[in-house]
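Since we're looking at a predicted model, the values are computed, not measured.
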Amino acid sequence: MPELPEVEAVRLGVESLFAHRRIAMVHVFDERSVSRHNGGAEDFTRTLTGLELGEPDRRGKFLWLPLHGDLTTSAALLAHLGMSGQLLAHDLAADAPPLRHERVRLTFADTSSPQTLSFHDQRLFGSLAIDPLIDDPFAASSRAAKSRRQVPTQAGHIAPDPLEPAFDADDAARAIRSHRSAVKRVLLDQTVISGIGNIYADESLWAARVHPEQGADTLSQRRARSLVDAVVAVLHRAVAVGGTSFDDQYRHVNGESGYFAIELNAYGRQGQPCPRCGGPIRRVSFMNRSSHFCPRCQRRR
DNA sequence: AACCTATCCTGCCCGC
DNA sequence: TGCGGGCAGGATAGGT
């Protein structure tokens with residue numbers, strides 16, 4: 001389940017192996033993996049062929065590579081990994097049959113290794129698309145601070161993530177408190193803060209000793225700020241070790257696993273002792289998924 | 001307008 | 001051995 005740290009690891013891998021390379025051939029093995037491309041698989045293939053990939057950028061869980069070449073407007077190859085998407089480097093012949101969950105294959109014009117970049121996705125929640133780039137809607141409004149950064153239209157509504165230089169922890173704490181829902185729901189809302197998924201939401205709430213179902217608007221600014229600080233710390237730690245994963249859905253671009261790279265304190269530890277107080281971690285159903293927390297040190301206030 | 005629920009999808013793991 | 005149910009959950013369409 002790739003969240004910000006996993007996507008960042010993928011970004012780094014893609015940058016080192018595929019930036020500035022020209023695409024010679026595109027194979028879409030499953031059209032559902034380009035369902036968010038406006039124009040379908042045929043247009044995706046035709047447009048992308050012959051273009052050069054720029055340096056990958058990321059906001060939250062959205063990853064994109066600016067495209068250079070015969071294009072009338074500025075656009076990027078946008079990737080969202082969803083639940084099980086992977087970008088993997090291979091040395092495959094362009095006409096080799098698809099691997100088990102390989103949905104899209106890019107073959108490069110030069111002869112460097114790796115020769116191919118493939119999008120794998122078991123559960124098809126992820127997607128690739130060619131998407132126009134627009135000025136960052138979240139860039140500071142003052143002209144002096146106006147960033148030249150561009151983002152794909154499909155990521156235009158996604159809030160800046162905690163690792164962006166412009167991220168302001170006090171503003172983020174205020175944004176969280178401006179919502180009336182359960183605080184965990186707000187953490188998972190990518191239009192408030194982006195990049196957080198179920199694992200790091202649970203880990204951050206545990207670290208800040210906040211009950212996942214406490215109303216976001218009932219947190220003091222001080223407590224909300226300490227939650228944001230926990231989010232930043234958790235994400236930084238995970239990025240530093242290259243992400244984490246529970247299963248082998250998540251792999252680095254070179255195929256290496258991020259398995260258990262991070263020690264988890266709450267997520268997936270139901271019934272096991274809380275590392276802080278020793279009481280049992282509880283798992284409850286929440287928003288069609290699971291919440292893991294320590295009822296003893298994460299009290300609803 | 002803010003908030004929330006259902007839905008998409010596949011494979012694995014469990015119990016029968 | 002096979003089958004059905006539950007589970008994993010990011011993003012969003014469409015409901016209240």
Side-chain angles (χ1 to χ4, degrees), chain A residues 1-8 10 28-38 58-64 78-87 98-104 119-129 131 151-159 161 174-205 212-218 231 235 238 243-251 257-260 264 266-271 282-293:
Chain A
M1 34 212 102
E3 304 178 28
L4 183 154
E6 292 73 37
V7 179
E8 176 61 13
V10 170
V28 176
F29 301 117
D30 194 319
E31 301 209 0
R32 293 173 295 180
S33 287
V34 294
S35 59
R36 293 175 71 179
H37 175 74
N38 192 5
R58 181 189 57 71
R59 168 165 281 175
K61 306 169 196 171
F62 285 79
L63 174 68
W64 63 91
L78 175 65
H80 197 293
L81 303 179
M83 279 299 298
S84 54
Q86 300 171 275
L87 286 170
L99 303 175
R100 181 150 152 84
H101 293 120
E102 188 183 7
R103 311 295 188 187
V104 179
F119 181 67
H120 294 242
D121 194 9
Q122 178 204 111
R123 285 159 67 187
L124 297 165
F125 278 35
S127 63
L128 298 183
D131 198 31
V151 299
T153 60
Q154 291 183 33
H157 63 297
I158 298 300
D161 66 56
R174 268 187 290 274
I176 288 170
R177 296 173 64 220
S178 74
H179 293 263
R180 268 201 274 267
S181 315
V183 62
K184 179 169 173 184
R185 180 185 287 278
V186 179
L187 283 185
L188 294 173
D189 183 342
Q190 306 296 303
T191 67
V192 180
I193 304 177
S194 70
I196 306 167
N198 206 38
I199 297 177
Y200 296 120
D202 282 359
E203 291 300 306
S204 302
L205 289 161
E213 290 175 56
Q214 176 159 352
D217 59 339
T218 69
V231 167
L235 292 180
T244 190
S245 177
F246 250 139
D247 47 37
D248 66 358
Q249 282 305 319
Y250 169 63
R251 286 267 191 272
S257 175
Y259 192 70
F260 279 132
L264 298 170
Y267 184 86
R269 298 194 67 249
Q270 59 272 20
R282 215 149 88 80
R283 173 183 173 277
V284 298
S285 184
F286 176 73
M287 285 175 70
N288 276 342
R289 38 181 68 64
S290 301
S291 277
H292 311 77
F293 66 103

Between A:Asp161 and A:Arg58, is there a salt bridge with N-O shorter than 4.0 Å?
-> yes

Is there a side-chain polar atom (N or O) of [X] under 4.0 Å from OP1 or OP2 of [N]?
X        : N      : result
A:Arg103 : B:dC9  : no
A:His80  : C:dA11 : yes
A:Arg185 : B:dT5  : yes
A:Ser290 : C:dA8  : yes
A:His179 : B:dC3  : yes
A:Gln190 : C:dG10 : no
A:Ser181 : B:dC4  : yes
A:Arg180 : B:dC4  : no

If you compare all heavy atoms of [X] against all heavy atoms of [Y], which two are closest, and at what distance to 0.1 Å?
X        : Y        : value
A:Ala216 : A:Val186 : CB-CG2, 3.8 Å
A:Ser290 : A:Asp202 : O-OD2, 3.8 Å
A:Leu124 : A:Ser33  : CD2-OG, 3.6 Å
A:Phe29  : A:Val104 : CD1-N, 4.1 Å

Looking at every strand, decide which applies to A:Asn288 at a 4.0 Å heavy-atom threshold: base, sugar-phosphate, or nothing.
-> base

If you look at every strand shown and take non-hydrogen atoms under 4.0 Å, does A:Arg32 touch a base, only sugar-phosphate, or nothing?
-> sugar-phosphate

Starting from [atom2] on [N], measure out to [atom1] on [X] and report it in whole angstrom.
X        : N      : atom1 : atom2 : result
A:Arg59  : C:dG10 : CZ    : C1'   : 18 Å
A:Leu81  : C:dA8  : CG    : C1'   : 16 Å
A:Leu99  : B:dG11 : CG    : P     : 15 Å
A:Arg36  : C:dA13 : CZ    : P     : 9 Å
A:Met287 : B:dC3  : CE    : P     : 13 Å
A:Asp217 : B:dA2  : CG    : P     : 13 Å
A:Leu124 : C:dA8  : CG    : P     : 20 Å
A:Asp161 : C:dA11 : CG    : P     : 12 Å

Name the residue closer to the 5' end of DNA chain B, choosing between A:Ser178 and A:His101 according to the nucleotide with the nearest heavy atom.
-> A:Ser178

Hey, which sits more toward the 5' end of DNA chain B by its nearest nucleotide, A:Asp30 or A:Ala182?
-> A:Ala182

Proximity to the side chain of A:His157 - top-ranked nucleotide from C:dG10, B:dC3, C:dT12 | C:dT12

Quick note, A:Arg100 side chain, CB onward, closest among C:dA11, B:dC12, C:dA8 is B:dC12

Under 3.5 Å, is there an N or O donor on one side and an acceptor on the other linking the side chain of A:Arg289 and the base of C:dG10?
-> yes

A:Asp131 and A:Arg36: salt bridge (Lys or Arg N to Asp or Glu O under 4.0 Å), yes or no, with the steps?
-> CA-CA 9 Å; A:Asp131 198 31; A:Arg36 293 175 71 179; over 6 Å; no

